[in-house]
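Each chain gets a letter, A, B and so on, in the order its sequence line appears, and its residues count up from 1.
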Amino acid sequence: MSAPFYRYALFGDEMSLILAVVIGIGFGFFLERAGFGSAKKLVAQFYFTDMAVFKVMFSAIVTAMLGMFYLSWAGLLDLSMVFVAPTYWLPQLVGGLILGFGFIIGGYCPGTSLVAVSTGRLDALAFCGGVLGGIFAYGEVYPSIAGFVTSTSMGRVTLDSWLGVRLSLVVFAVVLVAVLGFWGATTVERKLARREGADAGALT
Amino acid sequence: MTTAREPAPYMNPYLAGLGLGLVLLTAFVVMGRGLGASGAFSTIVAVGVDAVTPTHAAGNEFYRGYLENGFGSPFKSFLMFEVIGVLIGGFISGSLAGRVKKTVEKGPRISTKGRMAFAVAGGALMGFGAKLAGGCTSGQGLSGGAVLGLGSWTFMIMVFVGGYAGAYFMRRQWR
């Protein structure tokens with residue numbers, strides 16, 4: 001058992017920064033390939049006309065989840081050494097909602113806005129400025145909202161430990177939900193394409 | 001400056017998701033952590049505040065967290081270097097597909113000025129929300145989703161709820 005490599009000190013801090021750039025290149029490359037450098041492509045998710053955000057995000061989640069699950073099963077990856085963001089369910093619920101509003105208003109999220117900037121989108125540059133402003137505002141009010149931010153703390157909780165079921169069961173359920181979601185998303189896209197086609201036909 | 005070449009079509013979403021998932025898996029196996037983006041923005045804000053008024057930054061737990069991060073310097077952190085990679089990777093893919101173009105993304109019914117104002121406002125909400133949630137769509141959504149974090153899944157569901165809830169009011173910007 002030797003993965004995660006960095007946690008087992010197979011290489012040092014300087015090397016980790018070089019690897020960070022390499023990993024980032026892969027991240028940015030596939031975000032752009034998927035079309036996520038375009039705000040119009042991203043927000044189409046919320047108008048049901050192009051569900052690529054859901055499809056890409058969930059196939060990525062399923063890929064990484066299954067990879068980690070099998071590597072740990074084979075005894076190659078120590079899951080307890082993998083970082084899981086601690087749960088503060090209420091601030092995360094409210095933060096997610098605010099972020100969702102920001103997504104449909106601004107057209108990007110922080111990662112995709114960087115890809116959009118790198119491919120020349122000026123609105124993405126403005127968006128990045130907004131993100132910096134929003135974080136500054138958060139930093140300034142942090143002392144007065146720190147109580148809320150650290151409330152409902154549950155520590156390192158994963159879905160399987162929370163539900164009290166085996167990890168394999170949750171992994172299976174996530175794959176099942178993803179596949180059903182892909183099928184549903186494609187069905188909705190087709191329905192809307194047909195309806196918009198019919199509308200256009202009625203106009204002529 | 002315009003090129004005659006038509007931009008290439010986007011990659012199949014499942015294939016792009018598979019590629020993204022393998023990059024994410026690599027991050028977990030090599031580094032023991034997932035991907036992120038908003039953390040790098042936070043570092044820039046914290047360093048900026050520290051440069052203008054060091055005592056104010058030092059007295060604020062939020063800024064201090066980012067200033068004390070990194071190997072000797074707040075900029076020498078995983079996320080800062082990863083984000084540089086994201087810019088490079090996005091540019092490589094965009095260049096290969098003929099999609100690098102100085103433009104503003106918007107629907108036909110809104111002015112460029114209006115779109116820019118919404119971009120700033122949306123970005124500000126995004127920044128604030130991401131910090132409240134302890135990460136954005138990359139860190140909490142993608143990475144936290146893959147390791148099945150309870151808070152991450154709560155967050156991710158709410159991102160979609162917020163997006164769909166706001167879609168009707170934003171239709172003039174996009175449709």
Practice item. Count the heavy-atom pairs under 4.5 Å between each of B:Asn60, B:Val104, B:Val30, B:Leu24 and chain A, then report the option with the highest count. Key: B:Val30
**Study point:** Residue part contacting chain B, namely of A:Met81, when any heavy atom lies under 4.5 Å
**Key:** backbone
Practice item. Identify which part of B:Leu96 has an atom lying under 4.5 Å from any heavy atom of chain A, answering side chain, backbone, both or neither. Key: both
Check your understanding: Counting N and O atoms only, with roles assigned by atom type, does the side chain of B:Gln173 sit under 3.5 Å from a partner on the main chain of A:Ile105, one being a donor and the other an acceptor?
Key -> yes
**Study point:** Cationic tip of B:Arg64 above B:Phe62 ring, under 6.0 Å, 45° of axis
**Key:** no
Point to revise | Exam field: side chain B:Glu82 to backbone B:Ala37, donor-acceptor pair closer than 3.5 Å | key: no
**Study point:** Contact class of B:Tyr63 relative to chain A, heavy atoms under 4.5 angstrom
**Key:** side chain
Point to revise | A:Asp160 bridged to A:Arg166 by N-O distance under 4.0 Å | key: no
Review point. Side chain, backbone, both or neither: which part of B:Phe169 has a heavy atom under 4.5 Å from chain A?
Key: neither
Review point. With distance as the sole test, does A:Ser161 use its side chain to make a donor-acceptor pair with the main-chain N or O of A:Thr158 at under 3.5 Å?
Key: yes
Point to revise | Which portion of B:Arg115 sits near chain A, non-hydrogen atoms under 4.5 angstrom | key: side chain
Exercise for review: Give the minimum heavy-atom separation between A:Ala60 and B:Leu20, together with the two atoms involved.
Suggested key: CB-CB, 3.9 Å
Check your understanding: Checking A:Glu14 against chain B: side chain, backbone, both or neither under 4.5 Å from a heavy atom?
Key -> side chain
Practice item. Measure A:Val157 against the heavy atoms of chain B and call it side chain, backbone, both or neither at under 4.5 Å. Key: both
Review point. Most heavy-atom pairs under 4.5 angstrom with chain A, which of B:Gly19, B:Gly149, B:Ser38?
Key: B:Gly19
Point to revise | Residue pair A:Tyr138 / B:Phe128: nearest heavy atoms and the distance that separates them | key: CA-CE1, 3.6 Å
Study note, to complete from the structure: Highest number of heavy-atom pairs under 4.5 Å with chain A among B:Met116, B:Lys131, B:Lys106 belongs to B:Lys131
Check your understanding: Considering only heavy atoms, which portion of A:Ser113 lies under 4.5 Å from any heavy atom of chain B: side chain, backbone, both, or neither?
Key -> side chain
Practice item. State yes or no: are the ring centers of A:Phe36 and B:Tyr10 separated by less than 6.0 Å? Key: no
Practice item. Counting only heavy atoms closer than 4.5 Å, note whether A:Leu125 contacts chain B via side chain, backbone, both or neither. Key: neither
Check your understanding: With a 4.5 angstrom heavy-atom cut-off, which part of B:Ile44 approaches chain A: side chain, backbone, both or neither?
Key -> side chain
Check your understanding: Side chain, backbone, both or neither: which part of A:Thr186 has an atom under 4.5 Å from a heavy atom of chain B?
Key -> side chain
Point to revise | Residue A:Phe69 versus chain B: region with a heavy atom under 4.5 Å | key: neither
Exercise for review: Please look at A:Leu19 and chain B and tell me whether the side chain, the backbone, both or neither of the residue comes under 4.5 angstrom of a heavy atom of that chain.
Suggested key: side chain
Point to revise | When A:Ile25, A:Ile98, A:Thr87 are compared by non-hydrogen pairs under 4.5 Å with chain B, the top option | key: A:Ile25
Point to revise | Proximity breakdown for A:Val62 and chain B, heavy-atom pairs closer than 4.5 Å | key: neither
Revision key, fill the gap. Between B:Gly36 and A:Phe27 the two heavy atoms that sit nearest each other are O-CE2, 4.1 Å
Study note, to complete from the structure: Counting heavy-atom pairs under 4.5 Å with chain A, the top scorer among B:Thr103, B:Val100, B:Ile88 is B:Thr103
Check your understanding: Quick one: what part of B:Phe71 sits under 4.5 Å from any heavy atom of chain A, side chain, backbone, both or neither?
Key -> side chain
Point to revise | From CZ (B:Arg99) to OG (B:Ser93), nearest 0.5 Å | key: 5.0 Å
Exercise for review: Could you tell me which non-hydrogen atom of A:Tyr108 sits nearest to which non-hydrogen atom of A:Ala116, and how far apart they are?
Suggested key: CE2-CB, 3.3 Å
Review point. So which part of B:Val49 gets closer than 4.5 Å to some heavy atom of chain A, the side chain, the backbone, both or neither?
Key: side chain
Review point. Under a 4.5 Å heavy-atom cutoff, which of A:Gly111, A:Gly26, A:Pro91 has the most pairs with chain B?
Key: A:Pro91
Practice item. Let me know if A:Val22 has heavy atoms under 4.5 Å from chain B in its side chain, its backbone, both or neither. Key: neither
Study note, to complete from the structure: Minimal heavy-atom distance between A:Val82 and A:Pro4, with the atoms involved, is CG2-CG, 4.0 Å
**Study point:** Intermediate values then yes/no, side chain to side chain donor-acceptor pair (under 3.5 Å), B:Lys101 and A:Thr119
**Key:** CA-CA 6 Å; B:Lys101 196 181 162 209; A:Thr119 52; over 6 Å; no
Check your understanding: Under a 4.0 Å N-O cut-off, is there an ion pair linking B:Glu105 with A:Lys40?
Key -> no
Exercise for review: Please flag which part of B:Arg175 lies under 4.5 Å from any non-hydrogen atom of chain A: side chain, backbone, both or neither.
Suggested key: side chain
Revision key, fill the gap. Highest number of heavy-atom pairs under 4.5 Å with chain A among B:Gly144, B:Ala57, B:Ser42 belongs to B:Ser42
Practice item. Please step through side-chain contact (heavy atoms from CB on, under 4.5 Å) for the pair A:Arg7 and A:Phe83, ending with a clear verdict. Key: CA-CA 10 Å; A:Arg7 303 260 192 247; A:Phe83 176 74; 3.7 Å; yes
Study note, to complete from the structure: Whatever's closer than 4.5 Å to a heavy atom in chain A on B:Leu142 counts as both
Practice item. Assess whether side-chain contact (heavy atoms from CB on, under 4.5 Å) is satisfied between A:Cys128 and A:Val117, documenting all intermediate values. Key: CA-CA 9 Å; A:Cys128 286; A:Val117 166; 4.0 Å; yes
Point to revise | Heavy-atom proximity to chain B below 4.5 Å, by part of A:Tyr142 | key: side chain
Review point. Can you say whether B:Lys76 sits under 4.5 Å from chain A via the side chain, the backbone, both, or neither, judging by heavy atoms?
Key: both
Revision key, fill the gap. B:Ala119 and A:Asp123 have their tightest heavy-atom pair at CB-O, 3.4 Å
Practice item. Please confirm whether B:Phe81 and B:Phe75 have ring centers closer than 6.0 angstrom. Key: no
Exercise for review: Among the options B:Phe78, B:Tyr168, B:Tyr66, pick out the one with the most heavy-atom pairs lying under 4.5 Å from chain A.
Suggested key: B:Phe78
Check your understanding: Given a strict heavy-atom distance threshold of 4.5 Å, which part of B:Met80 is in contact with chain A: side chain, backbone, both, or neither?
Key -> neither
Review point. With a 4.5 angstrom heavy-atom cut-off, which part of A:Leu10 approaches chain B: side chain, backbone, both or neither?
Key: neither
Point to revise | Per-residue contact mode, A:Thr112 against chain B (heavy atom under 4.5 angstrom) | key: neither
Check your understanding: Side chain, backbone, both or neither: which part of B:Ser77 has an atom under 4.5 Å from a heavy atom of chain A?
Key -> backbone
